[in-house]
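Please find one structure pasted underneath; my questions will follow.
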Amino acid sequence: MKKRIFSICLLLIFTAAAVFAGGQADKASGESLQNNVPSGVELSKDGKYPAEKIKIGFVNYDTTAQQVLDIKTYFEYLQQYFNFDIIWSESLDSAEAEFAFIEQCAAAGCKAIIGYYNEGRDESVKLAASLGMYYWGEAMNDPTYEPVKNNEYYLGGHFSGNESYEFGKATTKALVDAGAHKIIVMSGGKDYGVDFFVQRYNGIMDGIKEAKAGGYDIEMVYEVPGWPGTEAFAAHQANALQTDADGLAGTLTALMWIQPMQNSGKFGKIKVAAIGEGVSEDIVGLFHAGFYVGICTEISGTFGMSIPMIINAVDGNGAQQRNADGTAPRVAVKNRVITNADDLAYFASVDRKGGEWTFNIDDIKSMIVAFNPDLTVSDMSALYSAVSADEVKARRGN
């Protein structure tokens, strides 16, 4: 797949449109950074922290992915209170494209990069650092984390152990529980060697093996590799829908299958379980419509962890959020496997209403050293591991 890479000049011209400005939604009642501001903490004229705006680059692999759209919505919420702008990359599929975007961000005045996607591994981190930018993300992957964990510009990121692999197994289990036997597997970036896609794929395939070993009749009938939006993907998709498949396991969002399934008369006949779906009322509707039987979803707010950590670093408080040995932290997180519409509807309501996010403004404030001088890595891990309905309600005093 060939992707167009913007030149530095075009990026600078386009920045005004690419920056995701905050302040679009109504502020939640009772939340304001102007309440209980510690002595010496300076806010911007419009009451945001820090006083000077921080520009951040965000590296994408698919700009249409629901999770990316959910992260944008969540960042919009945070931008009501915190003084930052985001430059979103276009969909990138190579290390070279990623390096070019990082260089463009430096030229545009960015202070940090959020590595939602990383094909360049530790070289991306080193490039950002050489350009004076902090890098947050990819702490899950040893090939990225280990070579740069002592680099002062590397901020670490979230860590959920073997979760990508376990998500893959959970995807297969959801299909087995729904009675599917002949499975299409959408493998995403597995053939490009993207680690989390490899792990998700391996989990799906091992789930199939385990189900077969337990006496369940199941097999993969077609593998659809690569990225949506390409001719190759569309061709594989059409071929897959000509099989007798009754299940689809996705290592990435499966929303691009809705129309083709409707056109081929397979909608509702092929049960879908996918990784990386967003949590929304639309997805709830697709559960009720018989499309989804399971989703594995990273909580969009988990990526919001990047904002206070970047703010701390820019503030000069980066050492406060590192491990005792000085290495970049791997902040423990938990995410969600959802297999029924009721649970999904609850979480959709939590992460769609301004004051009720899984991680709201008060939670983010607790991650900023200027507001919480006693912040530790353990505090961060405790917060981002408390994601059940009961734990979220407890934080809200419900």
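Positions are given from 1 along the sequence. Remember, predicted model here, so these are calculated numbers, not experimental data.
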Lys53 and Asp85: salt bridge (charged side-chain N to carboxylate O under 4.0 Å, His left out), yes or no, with the steps? CA-CA 7 Å; Lys53 184 164 290 184; Asp85 280 339; 3.6 Å; yes
Applying side-chain contact (heavy atoms from CB on, under 4.5 Å), name anything that partners Asp177, two or more places apart in sequence or on another chain. Lys173
Considering residues at least two apart in sequence or located in another chain, which fulfil the side-chain contact (heavy atoms from CB on, under 4.5 Å) criterion with Arg121? Asn118, Pro143, Thr144, Asp195
Mind checking side-chain contact (heavy atoms from CB on, under 4.5 Å) for Glu391 and listing every partner two or more places apart, or none if nothing turns up? Ala386, Ser388
What residue pairs, at least two apart or across chains, pass ring pair (Phe, Tyr, Trp, His ring centres under 6.0 Å) with a residue in residues 311-334? none
Electrostatic pair Glu219:Lys212 at N-O distance under 4.0 angstrom: no
Of all residues at least two apart in sequence or in a different chain, which pass the ring pair (Phe, Tyr, Trp, His ring centres under 6.0 Å) check with Phe359? Tyr384
Indicate yes or no: does Asp206 engage Lys169 in a salt bridge with an N to O separation below 4.0 Å. no
Taken in chain and number order and not counting sequence neighbours, the residues that satisfy ring pair (Phe, Tyr, Trp, His ring centres under 6.0 Å) with Phe303 are Tyr116, His158
What residues join Met140 in its hydrophobic cluster, counting side-chain heavy atom gaps under 4.5 Å, either direct or through other members? Phe159
Hey, is Asp363 close enough to Arg395 for a salt bridge, meaning N to O under 4.0 Å?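 Yes, Asp363 and Arg395 are salt-bridged.
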Summary of ring pair (Phe, Tyr, Trp, His ring centres under 6.0 Å) pairs that have at least one residue in residues 313-341, sequence neighbours excluded: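 The answer is none; no pair qualifies.
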Quick check: Tyr61 with Trp227 (ring centres under 6.0 Å apart)?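 Judged by ring-centre distance (under 6.0 Å), Trp227 and Tyr61 do meet the cut-off.
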By ring pair (Phe, Tyr, Trp, His ring centres under 6.0 Å) - contacts of Tyr216 (at least two apart):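 Counting only residues at least two positions away or on another chain, Tyr216 forms a ring pair (Phe, Tyr, Trp, His ring centres under 6.0 Å) with His181.
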Are Arg200 and Tyr165 in a cation-pi contact, defined as NZ or CZ under 6.0 Å from the six-membered ring centre and within 45° of the axis?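 Verdict for Tyr165: no cation-pi partner in Arg200.
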Please list, chain by chain and in numerical order, all residues satisfying ring pair (Phe, Tyr, Trp, His ring centres under 6.0 Å) with Phe167, sequence neighbours excluded. none
Taking the six-membered ring for Trp and the full ring for Phe, Tyr or His, determine whether the centres of Tyr134 and Tyr153 are under 6.0 Å apart. yes
Please identify each residue that fulfils side-chain hydrogen bond (donor to acceptor under 3.5 Å, both in side chains) with Asn340, with sequence neighbours left out.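 Testing Asn340 for side-chain hydrogen bond (donor to acceptor under 3.5 Å, both in side chains), a comparison that skips the adjacent residues, returns Asp343.
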Tell me if the centroids of the rings in Phe197 and Tyr192 come within less than 6.0 Å of each other.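 When the ring centroids of Phe197 and Tyr192 are compared, they turn out to be at least 6.0 Å apart.
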Among residues at least two apart in sequence or on other chains, which ones pass side-chain contact (heavy atoms from CB on, under 4.5 Å) with Gln259?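 Expected list: Gln262, Asn263.
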Taking the six-membered ring of Tyr201 as reference, does the NZ or CZ atom of Lys190 fall below 6.0 Å from its centre and within a 45° cone about the axis? yes
Has Ser160 got a side-chain atom pairing as donor or acceptor with Lys334's backbone, closer than 3.5 angstrom?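 It does not hold such a pair.
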Whether the Gln67 and Glu277 side chains hold a donor-acceptor pair (N or O, under 3.5 Å, no angle test) is what I'd like checked.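 There is no such pair (donor and acceptor under 3.5 Å, judged by atom type) between the side chains of Gln67 and Glu277.
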